[in-house]
Amino acid sequence: MEIEETEAPDQASAENPEELGNLRRSEPSSSAAGLPAVTHSLKHALRESSIGRVAASWFSLNQKDGFDCPSCAWPDPDDHRAKTEFCENGAKAVASEASNKKRCDAAFFAKWPVKELAAQSDHWHELQGRLTEPVVLRKGASHYEPISWENAFRMVGHELNELDSPDEAIFYTSGRTVNEAAFLYQLFARLYGTNNLPDCSNMCHESSGAALKQTIGIGKGTVSLDDFEKAEAIFIFGQNPGTNHPRMLSSLQTAKRNGCRIVAVNPLKEAGLLGFAHPQEVKGLLGVSTSLASQYLQVRLNGDMALLKGMQKAILEEEDNDPGQVLDHAFIDERTTGFEEWKAALATLSWEQVEEQSGLAQKEILKAAHTYIKADSVISCWAMGLTQHKTAVATIQEIVNLHLLGGNIGKPGAGLCPVRGHSNVQGDRTMGIATNMPPAFLDALGQEFNFHPPRETGLDTVASIAAMRDGLAKVFIALGGNFLSATPDVDTVAAGIRRCRLSVQVSTKLNRSHLVTAEQALILPCLGRSEVDRDQFVTVENSMGIVHASRGKLSPVSDSLLSEPAIVSGVAKATLGNDSEIPWDDFAKDYSLVRKRIEKVVPGFDDFERKVLQPGGFYLPNPAKQRVFADAEGKAPFSVHPLEPIDLTEGQLLLMTIRSHDQFNTTIYGMDDRYRGIRNERRVIFLNREDMKERNLSAEQPVNITSHWQGEMRHARLFLAIPYDIPRRCAAAYFPETNVLVPLDSTARVSKTPTSKSIVVTVEAA
Ligand SMILES: Nc1nc2c(c(=O)[nH]1)N[C@H]1C(S)=C(S)[C@@H](COP(=O)(O)OP(=O)(O)OC[C@H]3O[C@@H](n4cnc5c(=O)[nH]c(N)nc54)[C@H](O)[C@@H]3O)O[C@H]1N2
Ligand SMILES: Nc1nc2c(c(=O)[nH]1)N[C@H]1C(S)=C(S)[C@@H](COP(=O)(O)OP(=O)(O)OC[C@H]3O[C@@H](n4cnc5c(=O)[nH]c(N)nc54)[C@H](O)[C@@H]3O)O[C@H]1N2
Ligand SMILES: [Mo]
C-alpha cells in the first residue's frame, strides 16, 4: 500500500525542498577536532553575531558562574575547568542562540507568507535569526501577525477550556527546557487534568530508561566523570561522540593516556572514535592526535545484541577453562538473580548465529571479550545506535548482563553510561515530564498543591501523533523542540497537526513546526539559556545526575521575550484562572519559590537552593551506584532475550537515520559533514560499494529511497548515492530529511521509541 503524501498543493510543505546542492567529497577523517574545530567554531559564530558577543558567550559557557551549554548533556569537570570548556558544536549551538545579526520579527512575518517560508530549507530557517515577539496565525490567514502576550495566553486558555476533556490536549517538551520551567509545566498539565506529557526522550533514551529501571532499578547511568580516569576498558556502542558529544573525547583521551583500552562498536568508522586532536593542547592544535579505539567492531546495523551475546558466551567459556578466575562470583551471588536460567538460555545459541547476525567474526568477538575479562573496571557507553531499534531495550539489557558478570557496576572506574542528548533531557524527567510518573511522585505533587493528579498513563510521542491523526487530540502545545520534523512519519504528523484547533510553539528559532500548523497557531518566543533573565538563575541536570545552576550572561536579543517559566505560568494562569491556589505570578518572578516546591516533591532535592549554589552543584542520589538494584532485595536480574533478526528480502537494505556534523537535531547549522568527507549536501545516502554495484549505481548518482513496512511504502526522493565503508546491506542517511520513511507503528518493544536506526528500504536510481 502506498502511504500517500497528504500535502495538497496549497498547503505548507512538511518537508525540505527536493533540491540538490553542489556536493564536494573527500576522504573521511581519521581523527576529530584539532585546529579545524576552532576555525569552524569562529566561522559559525561570526556569521551570527558580533565579535564581542561571541567572546562573551564563549567565556561564560560551562563556567561555574556562567551558563550551561545548550548543546549536549555531557558533564563539566568537577574541578580543573579550562577557560573555554566547550567544543566546536557547543560553540555552534551558542552562536545559533546568541545570533543577533538577523531577526524573525513582525516585519519578517509580514513579508513572508507561511507557505513560502515552508518552501525554504531547514538550513535557511536557521539562518533567519531569533524569534523576537509573540505572533499568531489566525484561522485562514496567510501570514503570522503580532499579538500581545496577554492575548496569546488568553487564546491558549480559551481553547484548552473549550475541550471536552483535558486528554484532548497534548503538552510536549524538548530537552533544553530547564528544571524550573519543566516542573511548572508538568504541574500545570496535571492540574489541568492530563498526563499527556510526551517528550523528545520518547524518541531518544526512553529505551535506556526502560532497560535500566527493570534491572538496576534507576533509569539513569551509574558513572561519574572521574570513573573515566580509572576505567581499564571502555566500550562505546552506537554513538558518534566526535560530532554529538565532543567534550567526551577529552575524557576518552585521559582514559587512553592512563592505559585504558577503548573498544568502538559502530557500523561506521567515525572519526571521533578513531582519534582526537585536543584543541586546547598545542600538539592537538598542530594536528597531532591521540588514537582512541584500540579495537573497532564494525557491527552490522542492529547486530549489537548478537555481539553482546557472543562476548558473554566467550566469557563463560573462559570461566569454564579457568574456574573462579573470570566471573565476579561474589557479586553475582550477592547482588543478582537469575544467573543459572540466563546461562542455560545462552548455551542454546551457536557461534554461527552470533557471527551471522552481528556481521563480525568469532575471532574479533573473542578479542573484545578478552579486553573485558582483563580489565578490572569496565564502562559501557551508548547512544542512539542502540536505542532506536525494535529490540533496543533487550540489547541494552544485554549490556547490563555483561556488566553483571564482572561486577562492573558500582565500583570505581566501572559502570553503565547512557550518553544523553539534549542538555536537560534527564532533568526534565526528574521534574516529572513523563506520561507515567511513579505513584509516589504523583502523591507528593498532589499533597504539595492540594489536588488529585490524574493517574492514567498519558500519550507519549507516537501515541500523541496517532491521537491527532484520529481527531482525538485538538490542542498541541510544545515547550521547545520541533515536533513535526523530529518525529517519524512526517506526513501523518502533518495531517494530525492540521486537524487540531490550536498549535502553540514556545521557541527560540524558526522551524518547520511553526509552518505546518493547526487551524490557529501561536509562536511564543522565549529567552535562551545564554541570556540574562533579570537577577534569576535556573538549574539543569546533566547526563551523570549532577544538578547545577545556569546563569545567562548575554543581553537578550529582544525586550519582548519572556522566560520559559514566565510563559508556562502565563498560560497556566490564563487557563486555570483564579480558582487555583497556585501563585503563578510569583513563580514567574522568583524561581527560588519554584525550587522550594521542587524540594518538597522530588526526592534528592533537600536543601536545593543552598546545594545548587555550591560551585559545580550536587549529585542526585543514585542507589545503583551503591549496588542497590531493582528487586525488593535490591538485586539486579539477569535478562533473557532471544535474538530477533530483521528479515531482509532480496534487494532490501537496513537504513539508519543519523546526524551530520553541522546539525543539532532538526537545527541545520551548515551543509557539511566534514568528518565523513561530505560538503555542501545533505541529501546523501551512504552505501556499501558492493551493494551499489549490485544495483548498478555509480558514485553520486541520484536515487530515490522507499521504505517497506507491513505492506506499506513510504518515499524520500532525490538523494545522492555515496560509496562508503559500511557493512553489506546497511545504509545511512541524515535525519530529518529521511523521517518520512520511518513508519509510525514501527517502535521499540516496551519503550515505544521509533525505530529510526532500522528502516527497511530499497534504493532505486532516480
Ligand atoms: N552537535 C550535535 N550534538 C548533539 C546532537 C546533534 O544533533 N548535534 N543531538 C543530541 C541528541 S538529542 C542526542 S540523542 C545525541 C545523539 O548522539 P548519537 O547517538 O551519537 O547520534 P546519531 O547521529 O544518531 O549517531 C548514532 C551513531 O550510532 C551508530 N549506529 C547506528 N545504528 C547502529 C547500530 O545498530 N549499532 C551500533 N553499534 N551503532 C549504530 C551510527 O553509525 C552513529 O555513529 O547527541 C546530542 N548532541
Ligand atoms: N529519524 C530520526 N529522527 C529522530 C532522531 C534520529 O536519530 N533519527 N533523533 C531523535 C532524538 S534523539 C531527539 S532528542 C529528537 C529531538 O526532537 P526535538 O527536541 O523536538 O527537536 P530539536 O531539533 O532539538 O528542536 C529544535 C528547536 O528547539 C527550539 N529551541 C532551541 N533552544 C530552545 C530553548 O532554550 N527553549 C525553547 N523553548 N526552545 C528552544 C528551537 O526553536 C529549535 O528550532 O529527535 C528525534 N528524531
Ligand atoms: Mo536525543
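Note that this is a predicted model, so its numbers are computed, not measured. In listed order, ligands and their atoms are each counted from 1.
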Taking [X] first and then [Y], would you say they form a salt bridge - that is, a charged N and a carboxylate O separated by under 4.0 Å?
{"X": "Glu126", "Y": "Lys92", "result": "no"}
{"X": "Lys43", "Y": "Glu88", "result": "no"}
{"X": "Arg676", "Y": "Glu270", "result": "yes"}

By number and element, which atoms of ligand 1 are closer than 4.0 Å to a non-hydrogen atom of [X]?
{"X": "Thr243", "value": "1 (N), 2 (C), 3 (N)"}
{"X": "Asn302", "value": "34 (C), 35 (O)"}
{"X": "Asp304", "value": "34 (C), 35 (O), 36 (N), 37 (C), 38 (N)"}
{"X": "Leu268", "value": "42 (O)"}
{"X": "Cys72", "value": "47 (N)"}
{"X": "Asn89", "value": "1 (N)"}
{"X": "Glu270", "value": "42 (O), 43 (C), 44 (O)"}
{"X": "Gly238", "value": "19 (O), 26 (C), 27 (C), 28 (O), 29 (C), 37 (C), 38 (N), 39 (N), 40 (C)"}

Mind checking what makes ring-ring contact (aromatic ring centres under 6.0 Å, His included) contact with His661, not counting sequence neighbours? Tyr675
State the [atom1]-[atom2] distance between [X] and [Y], to the nearest 0.5 angstrom.
{"X": "Lys509", "Y": "Thr666", "atom1": "NZ", "atom2": "OG1", "answer": "11.5 Å"}
{"X": "His205", "Y": "Ser751", "atom1": "NE2", "atom2": "OG", "answer": "11.5 Å"}
{"X": "Asn89", "Y": "Arg247", "atom1": "CG", "atom2": "CZ", "answer": "11.5 Å"}

Can you work out which protein residues put a heavy atom within less than 4.0 Å of ligand 2? Tyr172, Ser174, Arg176, Cys200, Met203, Cys204, Met384, Gln388, His422, Gly480, Gly481, Asn482, Ala486, Val506, Ser507, Thr508, Lys509, Asn511, Cys526, Glu564, Thr657, Arg659, Phe664, Asn665, Thr666, Thr667, Phe735, Asn739, Ser756, Lys757
With a 4.0 Å cut-off on heavy atoms, is Lys92 in contact with ligand 1? no
Give a yes/no verdict on a cation-pi contact between Arg683 and Phe719, requiring under 6.0 Å between NZ or CZ and the six-membered ring centre and an angle within 45° of the axis. yes
Would Arg176 count as a cation-pi partner of Phe664, with NZ or CZ less than 6.0 Å from the six-membered ring centre and within 45° of the ring normal? yes
For the pair Phe153 and Trp149, name the ring-plane relationship: parallel under 30°, tilted 30 to 60°, perpendicular over 60°. tilted
Quick one: look at His245 and ligand 1, take heavy-atom pairs under 4.0 Å, and tell me if it's side chain, backbone, both or neither. side chain
What part of Val419 sits under 4.0 Å from ligand 1 if we count only heavy atoms: the side chain, the backbone, both or neither? neither
For ligand 1, find out whether one of its N or O atoms is nearer than 3.5 Å to an N or O atom of His661. no
Answer yes or no: does an N/O atom from Arg676 fall short of 3.5 Å to an N/O atom of ligand 1? no
Test salt bridge (Lys or Arg N to Asp or Glu O under 4.0 Å) applied to Arg682 and Asp662, step by step: CA-CA 10 Å; Arg682 290 185 51 82; Asp662 274 1; over 6 Å; no
Answer with yes or no after comparing the ring centroid distance for Phe188 and Phe171 against a 6.0 Å cut-off, counting only values under it. yes
